[in-house]
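Per chain, numbering begins at 1; letters A, B, ... match sequence-line order.
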Number of protein chains: 4
Amino acid sequence: MPRPIDPVRRRARRLQIIDAALTAFALHGYAGATTAEICRIAGIGSGTFFHHFPTKDSLLVAILEEGTEETRRFFAAREPGTPARQVILGYVGHAVADLADPRAAGFITVVGGLTSHPDIAAALRADEDTLRAALREVVAEAQHAGEVRTDLPADRLAVWIMLLIDGFAGRTAGGGFEAAAEAPLLVEQVGLLLDGPPAD
Amino acid sequence: MPRPIDPVRRRARRLQIIDAALTAFALHGYAGATTAEICRIAGIGSGTFFHHFPTKDSLLVAILEEGTEETRRFFAAREPGTPARQVILGYVGHAVADLADPRAAGFITVVGGLTSHPDIAAALRADEDTLRAALREVVAEAQHAGEVRTDLPADRLAVWIMLLIDGFAGRTAGGGFEAAAEAPLLVEQVGLLLDGPPAD
Amino acid sequence: MPRPIDPVRRRARRLQIIDAALTAFALHGYAGATTAEICRIAGIGSGTFFHHFPTKDSLLVAILEEGTEETRRFFAAREPGTPARQVILGYVGHAVADLADPRAAGFITVVGGLTSHPDIAAALRADEDTLRAALREVVAEAQHAGEVRTDLPADRLAVWIMLLIDGFAGRTAGGGFEAAAEAPLLVEQVGLLLDGPPAD
Amino acid sequence: MPRPIDPVRRRARRLQIIDAALTAFALHGYAGATTAEICRIAGIGSGTFFHHFPTKDSLLVAILEEGTEETRRFFAAREPGTPARQVILGYVGHAVADLADPRAAGFITVVGGLTSHPDIAAALRADEDTLRAALREVVAEAQHAGEVRTDLPADRLAVWIMLLIDGFAGRTAGGGFEAAAEAPLLVEQVGLLLDGPPAD
DNA sequence: CATGAATGAGTGTTCATTCAT
DNA sequence: GATGAATGAACACTCATTCAT
């Protein structure tokens, strides 16, 4: 009597594990977090873990893909007619809001340098490329609309926006830096970046 | 009749190990880099490694302290009479020059989130605090000289300078970002940060 | 639907490891016996070892506690009405019977001096104290019954009984000393201890 | 200009190392004591250690041989005419006096079970055999003189004397057992052993 | 589907020993 | 003779992963 697999419950389990992993990775880094700890946080047995993710690497890949998907969704959800520059600054605000979860900041800084592990590196690159392409497109649009400086190519500005966000995340992960309080300065800095130095 | 120990050779060995560690850490992260690999890169036996550093942790701490010391030296070496703002931008240039070694960039990003390992966390904090204090002091001086905006406290500006440098380092560690080519834009962005948005 | 864990099998594995450890410790001493050898004797992988005992120390502690428990059981099992002196000599016989396993003798002599390793030292002390208290009590009872000399305090006699048993165990561990053949002489010597020198 | 080796200084160095080793062995056991610690206690470099003893094993063997030699000397130094029984009890007193050094007791208990290490096992056996033969001879003499029971062979009595001394040493190594205070009881026990149970 | 006992390659670290100075 | 830097085999222990139940 093969009970039909319940995809809802399955997804719930996966999210439960992903959530535990976020905590563990943020605390000890990817290599430092053990599957045993993730299982303990998630309240499951190790067997269950490997039922849902064939390897530890695949778990991290899944988390990264989840993030990539969210990025895609954000830009896809753009209200038609919204000015491009506003979309850019909106994304910055969106990213900062994610960093309200202190684990997110830790996760980003900790996962950045995983160039070994080919699967993970690929997922990181995909995440990066997705955001970079989306930003590049909307920056180019803003340039055409005259909302953004044109002395730098759109791609380079996109990368520098990401640079600012990543730097901000890194500070958030440490102590003594209130993401909420500093967010306006981030928006200001991105604005200054998009405007460039005053002509004077 | 004890042979007089040769401190020069001892220091050379330490530097040899530190150099190998920089490579390994940048490649695989702290936890991912094995002492065995560091030894292989350095061309020494494992016993020699632990003869010079009692633990893997202590090696990282030594590297960090080396960096802290270099920061201190940089600010101590300031020519009397140099304008404060020029010192700040000079430091930015100095930091970027270090990132010409691609391992340095990888190292910085990879080592950021090591909050477990109390000794390492302490050394990271010390490194951070040293730079932050030095920048704060010179930023405050620049404010008094009217070279820098005064609507933000010196400490906050110091942190944001570090944010920009760290974000820059993170990009350098990845591909598709030429540190040398992007350096002027970093100086420009720091300048924008120090000036603030145009009064207009 | 967690399979109900089988405590029987778990206990069996533990005993299997303990048995292998007894052999290895008796052969090479505590420090000299490697976990690898214990695993080989027990026919298990190293992972399994540490699945059941978190450290090598904890294994020895478990063995010692097993012994302490057995001592407690022996004295608790005393038939009501048995004369105290008979209980004492019964215990001596019981101890000698254990020494029929040549590994037991080796184990005792080898484990005696482990004053480093705080956990082990504590377990040794607990084992010692349990036996000493049990013997002291029954010796005191025998003194009240007039079966044992009263010129020495019960505690001191208890210690000397243990001294004789330990000395006997030490001889058993070496060669040229048949525990079974020498047992009557041990009982005689304990008798002499309990009686003291003839009044004459 | 090969300076003639100074055998006095050489012997002093050896004794200095042996003394340090006694301390270290008593504290941590043979396997637990490192050559590095012995060197530290002795205040010498590791190179010097291996100048005087080619291996750690050879050091222990040397200590054991020192002890064997002392045993031999004790029995050789017997004043002509001394009654055999008095020699036996004199030896017991001599052994107890050695145990006044708390390291001696620890050393004896800790070194007992080293059946691996063929050289050490051989030295232990030699030490044992030397004492046993000496005791056997003097016990036999006492038996002929009618000072000692004759229902047991001299060799067996010799072994039991050693059993009592070793048991005593084991207690001394632990706490709560004052060698000096308990010595008379040891002499009494040996006396009772040599007399056997009263005919009554 | 869920479990946790079992695995063994791999990890950081130790230590007796060697040897150039 | 004396030193301590260098060595690498061996050690206790970890951990991602497998699989019988």
Side-chain angles (χ1 to χ4, degrees), chain A residues 2-3 5-6 9-10 13 31-39 43-59, chain B residues 1-6 9-10 12-14 31-39 43-59, chain C residues 1-6 9-10 12-14 31-39 43-59, chain D residues 2-3 5-6 9-10 13 31-39 43-59:
Chain A
R3 157 170 52 107
I5 11 169
D6 183 342
R9 193 176 302 187
R10 188 170 179 79
R13 261 273 191 272
T34 66
T35 57
E37 183 181 12
I38 296 171
C39 291
I44 60 170
S46 63
T48 307
F49 178 100
F50 287 95
H51 255 297
H52 290 268
F53 298 96
T55 64
K56 189 184 169 190
D57 278 15
S58 74
L59 165 62
Chain B
M1 221 159 302
R3 155 175 53 108
I5 42 172
D6 188 342
R9 192 175 301 192
R10 192 174 175 80
R13 261 273 191 272
R14 277 179 71 94
T34 66
T35 56
E37 184 181 9
I38 295 171
C39 291
I44 59 171
S46 65
T48 306
F49 178 101
F50 288 98
H51 189 62
H52 289 267
F53 297 97
T55 62
K56 189 185 168 190
D57 278 17
S58 75
L59 165 61
Chain C
M1 220 160 301
R3 155 175 52 108
I5 43 171
D6 189 341
R9 192 175 301 191
R10 192 172 174 81
R13 261 274 190 273
R14 277 179 70 94
T34 67
T35 56
E37 184 181 10
I38 296 172
C39 291
I44 60 172
S46 65
T48 306
F49 178 101
F50 289 98
H51 190 60
H52 289 268
F53 298 96
T55 62
K56 190 185 168 190
D57 278 17
S58 75
L59 165 62
Chain D
R3 156 172 51 108
I5 12 167
D6 184 343
R9 191 176 304 188
R10 185 167 183 83
R13 262 274 191 269
T34 66
T35 56
E37 183 180 12
I38 295 171
C39 291
I44 59 170
S46 62
T48 307
F49 178 100
F50 286 96
H51 254 298
H52 290 268
F53 297 97
T55 64
K56 189 184 169 191
D57 279 15
S58 74
L59 164 62

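- Checked against E:dT13, F:dT7, F:dT17, the side chain of B:Thr55 finds its nearest nucleotide in E:dT13.
- For C:Thr35 and F:dA12, the shortest distance from a side-chain N or O to OP1 or OP2 is below 4.0 Å.
- Among the protein residues, C:Thr48 comes within range of the nucleic acid bases, having at least one heavy atom under 4.0 Å from a base atom.
- Toward the 5' end of DNA chain F, the nearer of the two residues A:Ala36 and C:Thr34, judged by each one's closest nucleotide, is C:Thr34.
- When heavy atoms are screened at a 4.0 angstrom cut-off, A:Ala31 is found touching no nucleic acid atom at all.
- Contact detail for B:Gly32 and A:Ala31: the closest heavy-atom pair is N-CB, 4.4 Å.
- The side chain of A:His51 contributes no N or O atom lying less than 4.0 Å from OP1 or OP2 of E:dA2.
- Contact check, A:His52 against E:dA2: a side-chain N or O comes under 4.0 Å of OP1 or OP2.
- In this entry the distance linking CZ of A:Phe49 with P of F:dC15 reads 14 Å, nearest Å.
- Annotation for A:Thr35 and A:Phe50: closest pair CG2-CZ, 4.2 Å, computed over non-hydrogen atoms.
- Rounded to whole Å, the distance from NZ on D:Lys56 to P on E:dC15 is 9 Å.
- Within 4.0 Å (heavy atoms only), B:Arg10 reaches sugar-phosphate atoms of the nucleic acid but no base atom.
- D:Ile38 places its CD1 atom 8 Å from the P atom of E:dA16, with the value rounded to the nearest Å.
- Distance, D:Glu37 CD to E:dC15 P: 10 Å, rounded to whole Å.
- Nucleotide F:dT21 forms a pair with E:dA2, judged by Watson-Crick or G-U wobble geometry with both contacts under 3.5 Å.
- Looking at the side chain of B:Ser46, the nearest of the listed nucleotides F:dA2, F:dA5, E:dT14 is E:dT14.
- Pair check for E:dT7 finds F:dA16; Watson-Crick or G-U wobble, both atom distances under 3.5 Å.
- Taking atom CZ on D:Phe53 and atom P on E:dC15, their separation rounds to 20 Å, with Å as the unit.
- D:Phe50 has its CZ atom 16 Å from the P atom of F:dG1, to the nearest Å.
- Residue B:Arg13 is in sugar-phosphate contact alone, with no base atom involved, counting any heavy-atom pair closer than 4.0 Å across all strands shown.
- Heavy-atom distances to DNA chain E give each of C:Gly43 and B:Gly47 a nearest nucleotide, and the one nearer the 5′ end belongs to C:Gly43.
- Nearest heavy-atom pair across B:Cys39 and B:Ser46 is SG-CA, 3.7 Å.
- With rounding to whole Å, A:Ile44 atom CD1 is found 7 Å from E:dT3 atom P.
- Of all heavy-atom pairs between D:Phe49 and D:Thr55, the closest is CE2-O, 4.4 Å.
- What you find for D:His52 and D:Arg13 is that their closest heavy atoms are CE1-CB, 3.6 Å.
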